[in-house]
Every structure is written in C-alpha cells, then in structure tokens.
Amino acid sequence: MQQGAQAALKDGAAKPLLVEAIGITKTFGAFTALDDINLMFKGGEIHCLAGENGSGKSTLVKIIAGTYTQDKGTVVINGRSYKELTPAQSMAEGIQVIYQDLSLFEHMTVAENIALGHLREERSALINWQQVRAIAAAQLERIGVRLDLNQELREASISTKQLVAICRALAMNARVLFMDEPTTALSGREVDRLLEVMSELKKAGLAIIFISHKLDEVFRIADVVTVFRDGRKIGDFPSCDLNAKRLSYYMTGKEISYPKYQRISKAQDNFIEIKDLCKKDMYSHINLGIRPGDILGCIGLLGSGRTELALSLFGLNQPDSGKILIEGRETALKSPSASMEAGIALLPEDRSTEGLFLERSVAVNSSASVIGKLSHGILGFFDFVKERTLALSGIERLNIKTTSERKLAGELSGGNQQKVVISKWLATKPRLFIMDNPTVGIDIGSKAEIYEQAQSLARQDMAVLLLSDEIEELTANCSRIAIFAHGQIVEILDEERLKDPAIGSYIAAVVAAGGKQGTAQDTAAAGTYNPKEGRA
Amino acid sequence: MRIERSEGILLGIILIYAVAVALVNPAFLSIETVFDLVRTSSRDLILVMGLLLIMLSGGIDISFMAMALVSSYCATAAMMQLGLSSIGFLLIFAMLIGVVMGLFNALLISWLKLPPFIITLGTMNLFHGLMATLVGTRTFGGGMLPPSFNAFGSGNLIELESEYGIIGLSLSVIPVVLVIVLTWFIIYKTMLGRGIVAIGNSEEAALRLGFRPLLLRLFAYGYIGALAGLAGSIYICQVNAVYPDKMIGEELMVVAGAVIGGTSISGGKGRIFGALLGIIIIYLLKSTLIFLGLSASWNNLFVGIILVLSLSFTAWQEKRRNERHLLFKIESR
Ligand SMILES: Nc1ncnc2c1ncn2[C@@H]1O[C@H](COP(=O)(O)OP(=O)(O)OP(=O)(O)O)[C@@H](O)[C@H]1O
Ligand SMILES: [Mg+2]
C-alpha cells in the first residue's frame with residue numbers, strides 16, 4: 001500500500017495510480033501460470049499486455065477481476081490492498097473486464113445485456129424496461145454506434161456482440177477497463193472506431209488495459225507495453241521505444257520472420273476448379289482454379305463474399321448456379337461430409353464456438369475429426385495409443401502450450417485452443433485446406449509456426465485456400481492472391497506479380513478502392529456508424 | 001402481448017383440434033368443456049409456472065409431484081393430529097413443507113455439483129420414502145377430511161344455469177391466476193428473475209456480473225416447492241381424498257408441457273404463455289378422448305407426437321438461424 005502511494009506521488013496528479021499488482025503468483029496444479037508479477041496501471045493511460053499464447057495475460061486479468069485468486073501477492077486498488085478479491089469487490093472498485101469470451105447472455109436483448117450489470121450494481125430490486133433501454137441507448141450514443149436495442153443477442157453478429165460487451169462495461173462506471181482481445185471479430189473500420197473510443201475514454205481519465213495480438217493496433221494506441229513470457233514479466237516499455245521487430249523479440253526470445261513461399265509442385269492440373277459460381281446476395285460469377293501446392297490467398301473487405309464462398313466449398317452454403325470440378329470431374333458438394341470425402345477441410349472463422357469440446361481433453365479434441373479411423377474391427381475397438389500419438393504430434397508441430405495431452409481444452413489459453421482446432425483438421429490430411437483467418441488471436445511466434453506448417457504441407461502437394469486480412473502474411477505465404485470486392489474477384493495476382501516488393505501497398509490500394517463505394521454509401525445513408533451484419 | 005411463432009402454431013393446433021372434435025361430437029363445443037378443462041388442469045398450470053422458473057435457471061426438477069404429494073399429505077396428517085380444519089392451515093403447512101424440500105434440492109445441487117435431473121430423481125424417492133416411513137401410508141377418505149377441503153375443492157367462482165343443471169368455474173382458478181401473475185412479475189419485473197434467467201444463459205457470465213447463483217437457485221427451487229405445496233393442496237381438495245401414492249408418476253407430463261410450450265431444456269429461454277399452452281394442449285387431448293371414443297392409452301401417443309414435433313420445430317428454427325448467420329456446426333465423421 002505504501003509502495004502504491006509513493007508511486008502515485010512520483011507521477012504527480014496527472015496520472016493517478018489506480019491498480020497495482022505486487023508479487024502476484026498463480027499456479028494451476030504443478031503449472032505456474034504467473035510468477036511474481038509486479039505491475040502498475042494508471043488512469044489516463046493505455047497499457048498493453050503483450051505475450052505469446054499461454055503466457056498468462058488473461059490469468060492476470062482474471063485475478064484483478066476477482067474470478068481467480070492468486071496464490072501469493074497482493075492486488076492494490078485505489079489504495080486498498082486485497083489478498084483475496086471477489087468479483088463484486090473488484091467491480092465496486094470500478095474494475096471492468098471485457099473477457100476473451102465476451103460473457104454475454106444469448107437469450108437476452110441487446111439492451112438488457114448492456115444495462116443488466118449496471119442495474120445489478122445499483123442493487124435495484126425491480127426492473128424498469130424503459131430505464132433499461134435508456135441506459136443502453138446512452139452508452140451506444142457515447143461510443144457513437146447505432147444498434148437495434150430489441151434484437152435478441154443470439155441473432156446478432158459477433159462484432160455487434162463485442163460492441164455490446166464494451167457498452168456493458170462502460171455502463172458500469174468503469175474506472176479501469178480491461179479489454180482481452182476485443183478486436184478479434186471486428187473489421188478494419190470497426191477497429192478504428194473502437195480505438196477512437198479508447199482514446200476518448202483515456203482522456204476521460206480511465207485506465208485502459210488492452211490485450212491484442214495485432215501489433216499494429218498495439219502501436220497505434222499504447223502508451224506503455226508490458227511483455228510477458230511464460231508467466232514472467234520481461235519488462236515495461238514505453239511504446240515509442242518499441243518497434244514490431246523488437247516487441248516480437250521480447251515476446252518470443254527469437255527473431256521472427258516469414259519465409260517466402262515458393263511453389264515447387266510439378267502438378268499443373270487444378271485440384272479444384274470453380275466455374276461461374278453464383279449465390280444471390282453473396283457472390284457472383286466466381287472463376288477460380290487451385291492446383292496442388294498452391295497457397296491461394298483471398299483478401300477483401302467485409303461483405304466481399306470470401307467466407308461465403310469458402311463455406312460453399314465445404315458444402316455448407318449451396319450455390320445457386322455454376323459448377324465445381326474436382327480433379328476435372330464435376331462434383332456436387334452438398335454437405336460437409338461430401339466435401340470431406342472429396343478431401344476438403346475447413347478451418348472456420350468462428351472457432352471458439354464451433355471447433356472445440358471444451359469439457360474434453362486436448363487428445364480427444366485433436367483426434368475428433370478422424371475418430372472413424374481410430375476404431376478397429378467390427379467391435380470398434382478404439383485405438384487410444386494412436387489418439388495419443390496424434391495429439392502429441394499436433395502439440396509438437398504447432399507448439400501448443402499445455403501440460404499434457406490429457407488437459408481439458410477449456411483450460412487452455414484462448415490462442416492455444418485455436419491451435420488445437422487447427423491440428424485437428426490437419427490430422428485429416430486434406431487435399432484442399434481452407435483456412436479462414438487462421439491466425440486471429442494467435443501470437444506472432446505461433447503465427448509463423450502455423451504458416452510453416454501450411455507451407456510444408458503445400459510443398460507435399462496440399463492445396464491451401466487462405467482467407468486473411470493481413471497483407472504481409474498473405475504476400476509472404478501465398479503463391480497467388482485473389483482480391484475480392486462486393487462478391488466478385490476483381491483481380492488475381494500470380495507468382496510473378498507477388499515478387500514485386502511494392503505489391504503490399506498495391507493490394508492495400510485495390511482493397512480500399514474496392515470498398516470505397518460501400519463506405520461512401522454507408523456514411524451518406526446513416527450519418528452514424530452502423531456495423532453491418534454478416535462477415536466478409 | 002407478443003406471440004412467438006411456436007406459440008402461434010400451438011394455438012393453431014389447439015383450434016384445429018377443437019374444431020375436429022366438435023365435428024365428431026358437437027357436445028364438445030360448450031362453456032362446460034372450458035370450465036372443466038380449467039378445473040382439471042389447475043394443479044399442473046401452477047406446477048408448470050414453478051418448472052418454468054427452474055428451467056429458465058438452467059436446471060430441471062422432477063421431484064415436484066413428490067413434493068406436492070408429500071407436502072399435502074403431511075399437512076393433512078398434521079391437521080388431523082392437531083384437530084385443525086381451516087383450508088388456510090392446509091395451504092400454509094403444505095407450502096412451508098414444500099419450500100423446505102425445495103431448498104434441500106437447491107443445496108444438494110449446489111454442493112454435489114451433479115446434474116439436477118439426477119439429484120431430483122433421487123430426492124423424489126427420498127421425500128416419498130421419508131413420508132411413508134415417518135408419517136404413514138394410510139389413505140384419508142372423503143369422510144375423514146375437514147369439510148372445508150371439499151368446500152374449496154368443489155366450490156365455484158361463477159355459476160351458470162344450463163340444461164344439464166348448474167355448471168361452474170372452479171375456485172381453483174383464483175390461485176392459478178395469482179400464481180401466473182406472480183411468476184410473470186418475478187421473471188420480468190425483478191432483478192431476482194433476471195438473475196435467474198442470467199444464470200440459465202451462462203452461469204460464468206452471471207458470476208462475473210456479481211450475481212450469486214446459490215441464492216438464485218435457492219429461490220427458484222424454493223419457489224417450485226411452495227407451488228408444489230399449493231398445487232398438491234388444490235388437488236386433494238378437488239379429489240376430496242388423500243392417497244399416499246397419487247400424483248407421483250405424472251411429473252413428466254408437466255415437463256413435456258413446458259417443453260412443448262417452447263421452454264428450452266438447456267436453460268435461459270422460455271415464456272409463460274408457451275408453458276401454459278403446453279399444459280392446456282395436454283389436458284385438451286386427455287379430456288377429448290372420451291368425446292372421440294378412444295381409450296386412455298391414445299393420450300400418451302398424442303402427447304408423444306406433439307412433443308417430438310415441437311422439438312423438431314425448435315431444432316429446425318435453430319438450424320435456420322445458424323444458416324442465416326453463416327454459423328455451422330461442423331460435425332466430424
Ligand atoms: N482454469 C485453468 N486450469 C488449468 N490451467 C489453466 C487454467 N486457466 C489457464 N490455464 C493455463 O495458464 C496458462 C496461461 O493462460 P492465459 O489464458 O492467461 O494465457 P494468455 O496469455 O491469455 O494466452 P492467449 O493469448 O492465448 O489468450 C495457459 O498455459 C493455460 O493453459
Ligand atoms: Mg488470453
């Protein structure tokens with residue numbers, strides 16, 4: 001407590017010390033998630049926590065929010081020290097968290113989700129629905145977003161949900177706001193808006209703690225960056241002293257670079273050929289061929305039709321017209337099992353809800369896609385040894401941070417859960433692997449590992465369709481890139497074009513131009529910002 | 001009032017069915033049928049309100065019929081011992097005993113962290129067994145019960161002359177309406193109710209907002225206990241006899257009613273109107289078998305069919321919604 005007071009004095013009144021963590025240690029069984037962490041969060045400052053997946057960022061947040069209790073150490077909030085903090089105490093001190101999993105109520109409306117926490121904090125015994133709507137409307141106004149207050153949350157898109165979670169935290173009079181990867185599902189414009197909101201909140205004197213694996217966001221917004229590695233603090237750095245290279249070095253302890261992918265396959269016939277594929281309101285007249293060994297990148301703004309096309313290839317979104325040829329034969333991909341039969345696998349964008357059984361072990365999860373192959377004979381004896389081997393090879397290849405393959409998937413860190421899903425699909429040895437934003441929420445070291453995997457599989461003649469928003473990742477890993485806009489392919493860049501060092505800025509320009517019409521319309525029509533439903 | 005699509009379909013089914021029965025047997029279309037339906041379904045209309053709250057909290061309770069039997073039986077036995085005769089004592093005793101059993105359920109669920117279905121399956125037998133060994137198993141026939149029981153059970157709120165004599169709307173409609181209004185108030189107008197809905201949606205998220213699941217659960221299970229006491233009392237007054245083994249075995253019909261009415265088995269979602277419709281449709285089927293000249297075993301068949309249909313409808317709606325949002329459950333082979 002005294003330490004806290006001194007530090008506050010040193011810094012002067014401009015940036016009051018709000019939260020201080022002193023010697024925080026947290027273990028899960030024999031595993032140390034946090035080791036003697038000392039940290040200070042000040043009002044009027046945006047503080048980023050950076051570190052690899054599983055380095056303990058979310059665990060620290062949960063301790064300060066009172067959902068986990070530390071084994072050793074003290075949390076000092078507004079000058080009061082706590083050895084054991086309850087969620088209620090933490091909230092009463094003005095601490096709010098937007099969790100990685102958002103923690104919203106699916107069957108309630110947008111308005112109620114925003115207002116419920118506020119009303120509960122005020123200890124109101126009765127509910128006045130007019131007040132509920134008023135609170136929600138006020139918070140949405142504050143961040144300049146217009147949403148349908150009466151929409152049931154499960155009907156809402158993931159980006160709407162993230163905005164709701166933010167409004168809920170603001171409604172609860174937050175003085176310290178933790179945001180654990182709040183931008184994973186937001187599109188470029190929405191991210192811009194959110195960062196603007198964050199700077200406004202900072203001006204209002206809030207302490208904002210921001211966790212993100214997107215380094216460009218970190219550099220745009222952070223005042224201070226604290227780097228974690230394996231549960232230990234590497235250091236606090238003013239963000240002006242850092243650049244992407246140094247930051248990733250601090251995070252991983254090694255230099256990260258993306259090796260440029262070179263297609264070496266001799267095969268010239270397309271594995272899959274898409275001819276004049278159309279689906280109303282989603283995409284139209286798509287012509288595309290992918291050869292074995294191709295890594296074909298797709299980039300485009302929200303609503304460009306990429307994800308919709310990917311889902312069609314996986315039998316989940318029936319096209320209206322057009323043909324799909326697989327190895328020259330016309331094939332109807334009517335269901336996921338038909339697509340899997342044809343050798344196609346899909347890593348979906350919304351992995352948290354779709355890919356994992358959180359209550360089951362990592363081993364079960366990583367072999368779930370090949371379960372049929374693990375049973376033998378008519379009695380269907382299950383091959384546990386093989387299951388374990390598969391899991392171990394996945395853990396090894398993608399560097400999944402887990403104490404053992406028997407750990408429950410739900411106990412892994414957010415990014416490591418995603419790696420389990422990726423390894424599960426790689427286990428099917430697909431001929432065409434569709435990856436929809438595979439590195440969202442994944443730290444930069446592991447990004448490189450995932451792409452290395454994709455590249456080495458492509459060298460063994462797997463075809464990859466890579467949907468991503470990060471130009472740098474695309475240009476490094478793709479042998480061709482298709483630029484999408486408004487449901488159409490506007491340009492396909494071949495290997496020769498991709499050798500041009502200036503190609504990155506060219507792609508950025510085309511993407512932005514493709515989206516220009518849409519942006520202009522939106523702004524004119526609404527005057528306010530309004531996130532679109534559906535995803536790119 | 002907003003009517004959900006699934007509720008609209010249920011209303012439609014009820015209407016078409018009623019017309020069909022009336023075509024076979026015109027005697028069906030009378031106010032008497034309605035009065036009769038209200039009287040016989042009173043017990044389950046009350047119980048389903050408690051069950052709705054439990055299912056909103058993400059739980060389930062199948063011990064409520066046992067609680068209804070045990071509480072009304074014990075309350076009657078106690079009144080006979082003490083020589084009390086007022087209907088008020090019956091209601092108060094039975095509801096208190098019900099609350100105690102309900103709280104016991106909630107505590108077990110919170111401590112043992114086992115699925116509520118298993119726990120209430122256990123306590124259902126436990127409560128009944130305790131009653132049989134500690135209080136007894138004799139039947140209290142109509143002649144032995146205080147006359148106030150029968151007066152309440154066969155009393156009417158409204159009476160009409162008809163060609164077959166006097167027909168009336170049972171007094172039990174009063175507690176039914178009170179319970180519906182109270183449940184509506186709890187669910188939609190109190191923080192308590194919203195908290196219960198919140199833990200049913202996501203207990204983790206509710207905890208993080210500062211809700212206390214244990215307290216909310218105590219309330220929900222205590223509430224269905226109290227309603228079980230009330231419903232059991234109404235039932236024994238209507239039958240004008242107390243048997244030590246009635247009611248038990250009928251709980252799943254009420255659960256079916258709630259589910260038919262659109263209450264989600266996984267918690268957090270359900271509406272009063274739907275749950276009421278679900279019970280009404282079951283009683284409508286039950287009571288019209290005579291009109292159609294069918295045996296009682298047809299009842300199970302009909303209820304089964306509607307249950308399967310309504311579950312399929314919910315699953316289909318869910319699938320449609322997911323498709324609209326390009327969300328797909330990717331199943332492995
Ligand atoms: N409830 C739990 N039980 C067991 N281990 C846990 C639990 N919660 C977290 N861990 C472990 O603690 C470590 C740190 O997890 P944490 O979620 O804090 O990582 P993170 O830095 O937020 O990573 P990411 O960037 O992937 O979200 C992980 O290795 C994780 O497996
Ligand atoms: Mg995390």
Side-chain angles (χ1 to χ4, degrees), chain A residues 65-67 86-88 90-92 97 99 101-108 112 116-117 119-121 123-129 153-158 168 172 282 307-308 311 314 316-317 336-337 340-341 346 348-350 353-355 367-373 424 428 533-535, chain B residues 2 4-5 55-58 113 115 184-213 215-216 219 262-271 314 317-333:
Chain A
T67 43
T86 65
S90 170
M91 265 183 289
V97 181
Y99 289 93
D101 61 10
L102 298 182
S103 275
L104 297 169
F105 304 110
E106 294 281 310
H107 294 293
M108 293 183 179
E112 189 177 6
L116 195 64
L119 295 173
R120 145 85 232 173
E121 201 178 36
R123 313 213 157 272
S124 6
L126 298 182
I127 298 273
N128 173 349
W129 290 96
L153 197 81
R154 64 186 173 140
E155 304 275 356
S157 67
I158 181 81
R168 175 170 81 182
M172 293 175 76
M282 291 186 180
T307 293
E308 288 82 349
L311 290 171
F314 197 62
L316 285 168
N317 182 22
S337 44
M340 284 194 259
E341 200 75 54
L346 170 78
E349 188 182 15
D350 192 356
T353 55
E354 287 169 41
S367 61
S369 57
V370 287
I371 233 154
K373 293 186 195 145
K424 162 177 136 182
T428 64
E533 299 295 310
R535 292 172 291 170
Chain B
R2 196 167 53 91
E4 292 258 314
R5 184 120 156 256
M55 290 179 76
L56 280 175
S57 81
K113 304 235 180 303
W184 172 84
F185 184 79
I186 291 171
I187 295 178
Y188 293 106
K189 292 286 170 184
T190 67
M191 193 48 114
L192 189 69
R194 298 326 288 168
I196 287 173
V197 176
I199 58 170
N201 271 280
S202 162
E203 184 160 346
E204 181 81 22
L207 257 174
R208 287 171 176 174
L209 275 196
F211 284 107
R212 313 262 293 271
L215 296 184
L216 295 169
F219 179 82
T263 315
S264 163
I265 307 164
S266 49
K269 180 181 160 257
R271 282 161 43 91
T314 321
Q317 266 193 326
E318 183 76 22
K319 186 159 169 262
R320 280 277 310 274
R321 170 179 11 262
N322 287 342
E323 277 174 11
R324 259 203 321 278
H325 292 286
L326 295 174
L327 280 180
F328 298 92
K329 285 260 173 318
I330 296 177
E331 282 137 31
S332 44
R333 276 185 295 179

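Only a predicted model underlies this, so the values are computations on that prediction, with no experimental measurement involved.
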| Minimum heavy-atom distance between A/S103 and B/A205, given as atom pair plus value | O-CB, 3.3 Å
| message | Counting only non-hydrogen atoms closer than 4.5 Å, does A/A125 touch chain B with its backbone (N, CA, C, O), its side chain (CB onward), both, or neither? | response | backbone
| said: To the nearest 0.5 Å, what is the distance between CG on A/L126 and CG on B/L192? | reply: 10.5 Å
| request: Grab the two heavy atoms, one from A/R154 and one from B/K269, that are nearest each other, plus how far apart they are. | output: NH2-CE, 3.6 Å
| task | Any chance you could measure B/R194, atom CZ, to A/L119, atom CG, to the nearest 0.5 Å? | result | 11.0 Å
| Contact class of A/R168 relative to chain B, heavy atoms under 4.5 angstrom | side chain
| said: Between A/W129 (side chain only) and B/Y188 (backbone N and O only), is there a donor and an acceptor less than 3.5 Å apart? | reply: yes
| query | Checking B/F211 against chain A: side chain, backbone, both or neither under 4.5 Å from a heavy atom? | reply | both
| field | Proximal component of A/E112, with respect to chain B [non-hydrogen, under 4.5 Å] | value | side chain
| query | Measuring from A/T67:OG1 to B/L207:CG, what's the distance to the nearest 0.5 Å? | reply | 9.0 Å
| field | Minimum heavy-atom distance between A/H107 and B/N201, given as atom pair plus value | value | N-OD1, 2.8 Å
| said: Side chains of A/M172 and B/L209, heavy atoms from C-beta outward: is any pair under 4.5 Å? | reply: yes
| field | side-chain contact (heavy atoms from CB on, under 4.5 Å) between B/K189 and A/N128, intermediate numbers included | value | CA-CA 7 Å; B/K189 292 286 170 184; A/N128 173 349; over 6 Å; no
| What option among B/G267, B/S202, B/S264, B/A198 has the most heavy-atom pairs under 4.5 Å with chain A? | B/A198
| So, does A/R120 use its side chain to make a donor-acceptor pair with the main chain of B/G210 at under 3.5 Å? | yes
| query | So which of A/R123, A/E106, A/M91 has the biggest tally of heavy-atom pairs under 4.5 Å with chain B? | reply | A/M91
